[in-house]
Amino acid sequence: MADVIFFDLDGTLVDHRSAVMETIAAIVRAAPDATAPPDELVALWWSLEARHMREYLAGQCSFAEHHRRRLRSFLPMLGEPVPDDPALLDAWIEERYLSAFEESWQTYPDVRPCLEALKELPRGPRLAVLTNGDPGQQRAKLARFGLLGYFEAVLTPTELGAAKPAAYAAACAWMRTEPARDRTTDRPRRPADPPPRPFAARPVGGDSVQLRQSETELAVELELVEVLTV
């Protein structure tokens, strides 16, 4: 059976950070009673997302509750009251954040050439997405850009019962393969994400995937998969 490559989604296939920053910047600019400069509020939202996402992944709250927890800290900084009713917090997220956030989703320009190159290999690997995000939202991102068909599975903590990195073993079992033969791609996390955005290799077993940017060519090798993307 062919080897498996697990791709992360946010920050690897879809530019999650830019979508968040664009959406929150627009919300902050429209808040006349904000208590801090726009750049500070955008940075605050980003830090709140990281904190409460960790709580969700640790099983301490639901995905909806992790959004509510963000808002309870963020709304006072916007100069807005914090509703006691969770349904009102959910409505704020849906109406003022999620709709604009989803409109801001973009894939990186090198994603489809990379996936096409892997698909065209004579003994190409099987591809799967391994992500810590909400399953419905993550599949919606892939569907938006016509990427679902490249992947045999989209695996999240909901399916696997664990978040990354503990989820790797469960993902291998799901894909009916041995961890030592799997390869995982992820982009490096950094305070800012200016172009170019190189992929970084993350070996899971004895092999690894390296995807890095080049201005000149796209090439894929199967033994050590290496994609040089335009």
Can you give me every donor-acceptor pair (side chain of residues 26-35, partner residue at least two apart or in another chain, under 3.5 Å) with its distance?
from: Thr35; atom 1: OG1; to: Met77; atom 2: O; distance (Å): 3.0

Revision key, fill the gap. By side-chain hydrogen bond (donor to acceptor under 3.5 Å, both in side chains), Trp92 pairs with (sequence neighbours left out) Glu80

Check your understanding: How is the hydrophobic cluster of Met53 composed, in terms of its other members, when Ile, Leu, Val, Met, Phe, Trp and Tyr link through side-chain heavy atoms under 4.5 Å apart, directly or indirectly?
Key -> Tyr56, Leu57, Phe63

Exercise for review: Kindly check if the number of other-residue, nucleotide or ligand heavy atoms within 6.0 Å of CG (Asp85) is above 12?
Suggested key: yes

Exercise for review: Kindly say whether Pro125 contributes a backbone atom to a donor-acceptor pair with the side chain of Asp3 at under 3.5 angstrom?
Suggested key: no

Review point. Can you check salt bridge (Lys or Arg N to Asp or Glu O under 4.0 Å) on Arg69 and Glu65, steps first, answer last?
Key: CA-CA 6 Å; Arg69 292 182 179 186; Glu65 177 60 24; 3.4 Å; yes

Review point. What is the minimum heavy-atom distance between Ala19 and Phe101, and which atoms define it?
Key: CB-CE1, 3.6 Å

Review point. Heavy atoms, side chains only, cut-off 4.5 Å: are Arg72 and His52 in contact?
Key: no

Point to revise | 4.5 Å side-chain heavy-atom contact, Tyr97 and Phe74 | key: no

Check your understanding: Roughly how far apart are Tyr150 OH and Phe7 CZ, rounded to 0.5 Å?
Key -> 11.0 Å

Study note, to complete from the structure: Heavy-atom closest pair (Arg139 atom, Val154 atom, distance to 0.1 Å) is NH2-O, 2.7 Å

**Study point:** Donor-acceptor contact present, side-chain Lys164 to main-chain Leu130, <3.5 Å
**Key:** yes

Point to revise | Which atom of Gly133 lies closest to which atom of Thr156, heavy atoms considered | key: O-CB, 3.6 Å

